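Some notes on the structure that comes next.
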Protein chains: 2
Amino acid sequence: MARRTPSAQELHRRAVATYVKAGGEESVQRVITAVQGLTKKLDQWYAHQLVDLEVTAGEWAVVTSLAKAGEALTPSQLAELTNVAPSSMTHRLDKLAERGLVERSPDAENRTRIHVSLTDAGWQLFSVAIRGSDVVESDVLQDLSDAERGELARLLEVVIARLDDIDA
Amino acid sequence: MARRTPSAQELHRRAVATYVKAGGEESVQRVITAVQGLTKKLDQWYAHQLVDLEVTAGEWAVVTSLAKAGEALTPSQLAELTNVAPSSMTHRLDKLAERGLVERSPDAENRTRIHVSLTDAGWQLFSVAIRGSDVVESDVLQDLSDAERGELARLLEVVIARLDDIDA
DNA sequence: TACGAAGTATTCGATATCGAAATATTAGCA
DNA sequence: TGCTAATATTTCGATATCGAATACTTCGTA
C-alpha cells in the first residue's frame with residue numbers, strides 16, 4: 001500500500017505552483033492545468049467502461065470521431081483527430097472493419113482517398129457507450145448550478161474558437 | 001489535398017449536437033466536449049515541441065509528473081498518473097535513467113518500493129520545455145479578460161475538487 | 001512467531017504504434 | 001501534353017505498450 005495518493009485538488013494546487021515557479025502566468029496555468037487534470041480523469045473512467053465493451057481507447061476514439069463528424073472521414077483525418085500516426089490507423093481500421101464496426105469505401109472523385117464510416121453496429125456501440133459515460137460526466141458537474149455550467153461552457157467555447165487561428 | 005478539415009469550433013458544435021442527440025444533457029456536453037477538444041489541441045502542440053527536445057510524449061508525462069508532485073514518486077504512482085500500465089513504466093524509466101533525466105533509489109522503509117526523482121538534468125529539461133509551452137498556452141487564452149480567466153479557473157477548480165469523490 | 005493475503009516492481013510473449021520507404025493517384029505548371 | 005511535386009494509403013522493421021506471470025517484501029492475524 002502506497003503512501004496515500006494525493007487528491008486531484010492537491011495535485012492541481014501543486015502543479016499550478018510548479019508552473020508558476022517555472023515562470024508561467026498563474027491565471028493561465030490554473031486554467032490549463034485544470035483542463036488537463038479533468039481530461040485525464042475522464043480518460044481513466046472511459047477506459048474502465050470500455051473494457052466491458054471490448055474496445056480499446058484508440059478504437060473508441062475512432063468510433064466517436066466518426067460519430068461526431070457526422071460524415072465519412074479519411075484514414076488521414078482520423079489519424080489527425082485521434083493523435084496517432086497515419087500508418088497506425090491502417091491497422092486500427094482493419095480490426096474495426098473485421099468486427100463490423102466501420103466500413104471502408106472508395107472515394108468516387110479521388111482514388112487515393114478512402115471513406116471510412118460507421119456501420120449500424122458501430123452506431124449501436126456508440127449509443128451504448130454514450131449512455132454510460134453521460135452518467136459520469138453529469139456527476140462531474142454536479143456542484144455547478146445551471147448558470148455556472150452555462151458560463152463555463154461559454155468561456156471554454158471562446159477559447160475553442162481561437163484554436164485554429166493559433167496553429168495556422 | 002483533403003477536403004478542408006473543419007475548424008475546431010465547427011467540430012465542437014457537431015460533437016455537442018451528436019451527444020445531445022444520443023441523449024446527453026446539453027450543458028454537460030458543451031463543457032466536456034470543449035475540455036476534451038482543448039486538451040487534444042494542446043497535446044498536438046506539445047508533441048510538436050517535444051520533437052526538438054528528443055523526448056516522447058510519454059517520457060514528458062513522467063518528467064512533468066515528477067516536477068509537479070514536488071517529491072519522489074514510485075513507478076506505480078507514475079503509471080497511474082500517466083495512464084499507462086505499470087509494466088510499461090519499467091521500460092520508460094530505464095530509458096529516462098539511461099539519459100540521466102531521472103534516477104531510481106531504494107525506499108528506506110519498504111524494500112518493495114522504489115523512489116524515482118528528477119536529476120538536475122531532468123529539472124533543466126522541464127524548465128526549457130515549460131518556457132516553450134507557456135507561450136502557446138497564453139495565446140490560447142488571449143481572448144479572455146483577466147476577470148474571465150479567473151472565473152474560468154474558479155469554475156474548473158470546483159469541478160476538480162469533486163473528482164475524487166466520484167471514483168471513490 | 002508463522003503463514004496466508006496483499007502490495008510492488010519486473011520479466012516475458014503478444015500486440016500496437018511509430019517513422020521511413022513504397023505504391024499509387026492527383027495537382028500544378030512549363 | 002509531359003513532368004515534377006504533392007497527397008493518401010499501406011507496408012515494413014524497430015520500438016513501446018499491454019496483460020499475465022514471476023519474484024520478493026510487507027501486512028494482518030491467528
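The structure displayed is predicted, hence computed values, not measured ones. Excluded from the calculations below are hydrogen atoms, water molecules and symmetry mates; all remaining heavy atoms, backbone and side chain alike, are included. Sequence lines set the chain letters: A, B, ... in the order given, protein chains first and strands last, and positions in each chain run from 1.
For A:E54 and D:dG19, the CD to C1' distance is 14 Å, given to the nearest whole Å. B:E80 has its CD atom 14 Å from the C1' atom of C:dT8, to the nearest Å. For B:R92 and C:dT10, the CZ to C1' distance is 16 Å, given to the nearest whole Å.
Distance from the side chain of A:V84 is smallest to C:dT17 among D:dT10, C:dT17, D:dT26. Closest to the B:I114 side chain, of the nucleotides C:dT8, D:dT9, C:dT10, is C:dT10. Listed nucleotides D:dT26, D:dA8, C:dT10 differ in distance to B:R111; the shortest reach to its side chain belongs to D:dT26. With D:dA16, D:dT11, C:dA16 as the candidates, the nucleotide lying closest to the side chain of A:H91 is C:dA16.
Residue B:P75 is in sugar-phosphate contact alone, with no base atom involved, counting any heavy-atom pair closer than 4.0 Å across all strands shown.
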Polar atom pairs (N or O), protein with nucleotides 19-22 of chain C, under 3.5 Å:
{"residue": "C:dG19", "atom": "N7", "partner": "A:S87", "partner atom": "OG", "Å": "3.2"}
{"residue": "C:dG19", "atom": "O6", "partner": "A:S87", "partner atom": "OG", "Å": "2.9"}

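Across the interface with DNA chain C, nearest-nucleotide mapping of A:G58 and A:T112 shows A:G58 to be the residue nearer the 5′ end. Comparing A:K95 and B:L93 against DNA chain C, the residue whose closest nucleotide sits nearer the 5' end is B:L93.
Within the structure, every side-chain polar atom (N or O) of A:R113 is placed at least 4.0 Å from both OP1 and OP2 of D:dT9.
Partner of B:E59 under the side-chain contact (heavy atoms from CB on, under 4.5 Å) criterion, chosen from B:L96, B:L53, B:L93: B:L96.
When the local axes at the two ends of the helix from C:dT1-D:dA30 to C:dA30-D:dT1 are compared, using 5 base pairs at each end, they differ in direction by 30° after rounding to 10°.
Rounding to the nearest 0.5 angstrom, the gap separating the CE atom in A:M89 from the OG1 atom in A:T82 is 3.5 Å.
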